[in-house]
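Keep in mind that this is a model prediction, so the values were computed, not measured. Each chain gets a letter, A, B and so on, in the order its sequence line appears, and its residues count up from 1.
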Amino acid sequence: MTTIRLTNSLTRRKEVFVPLDPANVRMYVCGPTVYDRAHLGNARPVVVFDTLFRLLRHVHGADHVTYVRNITDVDDKINARAAETGRPIRAITDETIRWFHEDTAALGALPPTHEPRATDHIPGMIDLIAALLARGHAYEAAGHVLFRVRSFGEYGALSGRSPDDMIAGARVEVAPWKEDPLDFVLWKPSDPSLPGWDSPWGRGRPGWHIECSAMARALLGESFDIHGGGLDLLFPHHENEIAQSRCAHPEGRFARVWLHNEMLLVEGRKMSKSLGNFVTVRDLLDRGVPGEVVRLVLLGTHYRSPTDWTDRKRAEAETTLRRWRAAASGLAPGAPDPAVVAALADDLNTPAAIAALHALHGAGNGPALLASAALLGLLTPELGGWEEAAPADSTLLATLRERLIAARQDARRTRDFAEVDRLKAALLAAGVEVRMGRDDVELRPGPALDEDALRRIAPGRRPEHAP
RNA sequence: GGCGGGUUGGCGGAGAGGUUACGCAGCGGAUUGCAAAUCCGUGUAGACCGGUUCGAUUCCGGUACCCGCCUCCA
């Protein structure tokens, strides 16, 4: 069997991955808070952990992997969005979840085994909080329930900080009812305008971290194999998850391997609305960038390194996929190439896997290329179609194509190619790709197609010859 | 202030203490009315200063610069 190695954030080393139960490999990944469209930064963990999911299924069997990715549908950002727009919370979260599913499907991500919604797990959270109170790891204050950080000796093990370090220059929220500035909220009261659930501590809502502890426990048990997410979640979110889960159920280990993907920049800068480089997955899809292209760009950098979304990478990935799809067109998948599997098994080294795909393409091994690419969620039938020739319904393009063919036939006879060249140059300028075969001409719209420029291509007239 | 990551050829981006990464672009060739696409071939590297070593881009130490987290964030 293939040996998988993964870099565990907890130990900061690459370790051989040995599942607790090979018949049921269990992975939990932090999913979206559903108040807005998924942006490119959200897309990275979706694609990275989907690729790991595919590898685990390949190695352990598709029926022996359980992948949980939660949906956070109770959160103060959602409440704020509801207050701004006047829309019901449920309408916002349902709509955002639908968008998220559309976008992740476009990126070729398989649906996780379970996608629990936080609001369906409130009783589990209350149970956890009650257990923490009973064991002295939490306390009630001013209507809140807070986790007592100093009660957990291993606090800081994941992020490599000690509680004493954190006090120094840290910007921790100081609330008068906290025993210690590091303590964080497990449960907070809701006024009548906010969503709330009845609890032993009054009507309220959960703090940020408890939902993941509750959902992971409900679906994966008190010990499971892998917990993943973006690097920005490492502290405090994941540190707090560990503290809650381990203290509430000391007999469990919670997650054994922690994986964190690095962050994403856009054109070299941190993505932000004020810089005007905030890119959602939907923006790209609407601009005609295929989800498969986004996926290849994201997998082109190892998950533990920062990456940069650039238009140049987009264009390169598009070229690569066109070539691969053309080469593998009409072929049935064969067996995955061992080099691709080995690259993925080595801490999910997707750039090395992609290099191996290039080698398969170079060797003309289409069936292996298809099967191996599928391990990275690429070249699948579901993601295809975008690379096909120009749509037949483009009457404008069809007309121009007829004109070009006619002009070319004339030119062949007269040996005067000026009109052909004029048409071709105009088409290229309008963003159309022009391919001339021996007798045929193919026009396919490029990504930067300019419809107006196309319409401006004037009827042919005899070129003025210099005297 | 604390914790962590990075610096590779024109660009992107890996692995390995000694032998070609790979891709894109460029260049040369085949092909083409010219191109595109395709195919063949090909040059360029590892921030800086020390150390270990027969040998370091790869290990160790230092310097510079960049980035992330510590506050909602994938």
Side-chain angles (χ1 to χ4, degrees), chain A residues 9 12 29-33 35-36 38-49 69 72 75-77 80 156 158-173 182 208 228-239 260-265 268-272 296-308 310 312-320 322-323 326-327 339 343 346-347 349-359 361-362 364 408 411-412 414-418 420-421 424-425 427-428 432-438 441-444 446:
Chain A
S9 302
R12 293 163 190 76
V29 174
C30 289
T33 300
Y35 67 102
D36 205 351
H39 60 249
L40 262 184
N42 298 304
R44 173 119 102 139
V46 166
V47 169
V48 163
F49 291 106
R69 185 182 59 209
T72 298
D75 181 276
D76 285 346
K77 286 192 291 295
L158 177 66
S159 54
R161 319 151 188 240
S162 73
D164 294 322
D165 288 341
M166 287 180 233
I167 303 293
R171 288 167 282 181
V172 288
E173 184 195 352
L182 294 177
W208 174 30
L231 185 60
D232 53 340
L233 294 180
L234 187 137
F235 187 87
H237 184 53
H238 290 160
E239 194 75 74
H260 292 95
N261 62 273
E262 253 286 2
M263 311 307 271
L264 176 136
L265 302 172
R269 322 181 75 176
K270 184 166 177 170
M271 186 162 50
S272 80
L296 180 58
V297 170
L298 293 177
L299 294 178
T301 305
H302 185 87
Y303 75 92
R304 301 189 72 242
S305 295
T307 190
D308 192 9
T310 64
R312 186 165 179 163
K313 284 186 181 176
R314 187 230 91 228
E316 226 180 89
E318 193 170 315
T319 302
T320 299
R322 271 188 204 284
R323 279 182 193 159
D346 181 16
D347 199 24
N349 191 337
T350 51
I354 291 167
L357 294 179
H358 281 295
H361 173 248
R408 193 141 167 265
R412 283 228 168 103
T414 62
R415 308 307 297 170
D416 175 4
F417 286 87
V420 178
D421 287 339
K424 198 178 83 174
L427 285 163
L428 289 173
V432 179
E433 196 179 305
V434 181
R435 297 185 178 190
M436 300 194 201
R438 290 198 182 285
V441 169
E442 209 180 304
L443 299 183
R444 49 172 65 186

- prompt: D308(A) side chain to G268(A) main-chain N or O, any donor-acceptor pair under 3.5 Å?
  reply: yes
- request: Keeping the roles fixed (side chain from R44(A), backbone from E262(A)), state whether a donor-acceptor pair exists under 3.5 Å.
  value: yes
Whole-Å [atom1] distance, [N] and [M]:
N	M	atom1	value
U8(B)	G13(B)	C1'	9 Å
G62(B)	G23(B)	P	38 Å
U7(B)	A14(B)	P	9 Å
U20(B)	G50(B)	P	29 Å
A64(B)	U53(B)	P	28 Å
G29(B)	C34(B)	P	14 Å
C49(B)	C54(B)	C1'	23 Å
G17(B)	A56(B)	C1'	6 Å

Which nucleotide wins on minimum distance to the side chain of [X], given the candidates [options]?
X	options	answer
K77(A)	C72(B), A74(B), G10(B)	C72(B)
R412(A)	C11(B), G33(B), A74(B)	G33(B)
T320(A)	G33(B), C70(B), G23(B)	G23(B)

For the residue pair [X] and [Y], establish whether any side-chain heavy-atom pair is separated by less than 4.5 Å.
X	Y	value
L298(A)	V46(A)	no
L264(A)	H39(A)	no
S9(A)	L234(A)	yes
T320(A)	H358(A)	yes

- request: Could you classify G46(B) for me, syn or anti, using a glycosidic angle within 90° of 0 as syn?
  value: syn
Quiz item: cation-pi between R161(A) and F235(A), 6.0 Å / 45°: yes
query: On RNA chain B, nearest-nucleotide positions of P32(A) versus F417(A): which is more 5'?
result: F417(A)
statement: Of S159(A) and T33(A), the one whose nearest nucleotide on RNA chain B sits closer to the 5' end is S159(A)
Take atom [atom1] of [X] and atom [atom2] of [N], then tell me their distance rounded to the nearest Å.
X	N	atom1	atom2	value
M263(A)	G68(B)	CE	P	9 Å
L265(A)	G6(B)	CG	P	16 Å
N261(A)	G4(B)	CG	C1'	15 Å
L427(A)	A36(B)	CG	P	16 Å
H361(A)	G23(B)	NE2	P	10 Å
R323(A)	A36(B)	CZ	C1'	12 Å
Y35(A)	C72(B)	OH	P	12 Å
E262(A)	C66(B)	CD	P	17 Å

- prompt: How far apart are the closest heavy atoms of C30(A) and H238(A), and which atoms are they?
  reply: SG-NE2, 3.3 Å
- prompt: With a 4.0 Å cut-off on heavy atoms, is R312(A) in touch with a base, just the backbone sugar-phosphate, or nothing at all?
  reply: base
message: By the 4.0 Å heavy-atom rule, please label V46(A) as base, sugar-phosphate, or nothing.
response: nothing
query: Hey, what do you get for NZ (K77(A)) to OG1 (T33(A)), rounding to the nearest 0.5 Å?
result: 5.0 Å
message: Once rounded to the nearest 0.5 Å, what's the spacing between atom CG of N261(A) and atom CG of D232(A)?
response: 8.0 Å
message: With a cut-off of less than 4.0 Å, is there a side-chain N or O of R161(A) near OP1 or OP2 of C69(B)?
response: no
query: Do any side-chain nitrogens or oxygens of K270(A) fall under 4.0 Å of OP1 or OP2 in C69(B)?
result: yes
field: Secondary-structure notation, RNA chain B, from Watson-Crick and G-U pairs under 3.5 angstrom (| other strand)
entry: (((((((..(((.....[...))).(((((.......)))))....(((((..]....))))))))))))....
message: Taking ring pair (Phe, Tyr, Trp, His ring centres under 6.0 Å) as the definition, give me every residue that meets it alongside H237(A), ordered by chain and number, with sequence neighbours left out.
response: W208(A), H209(A)
field: Contact pattern, 5' to 3', of nucleotides 13-22 of chain B - B, S or - by protein heavy atom under 4.0 Å
entry: SSS-----BS
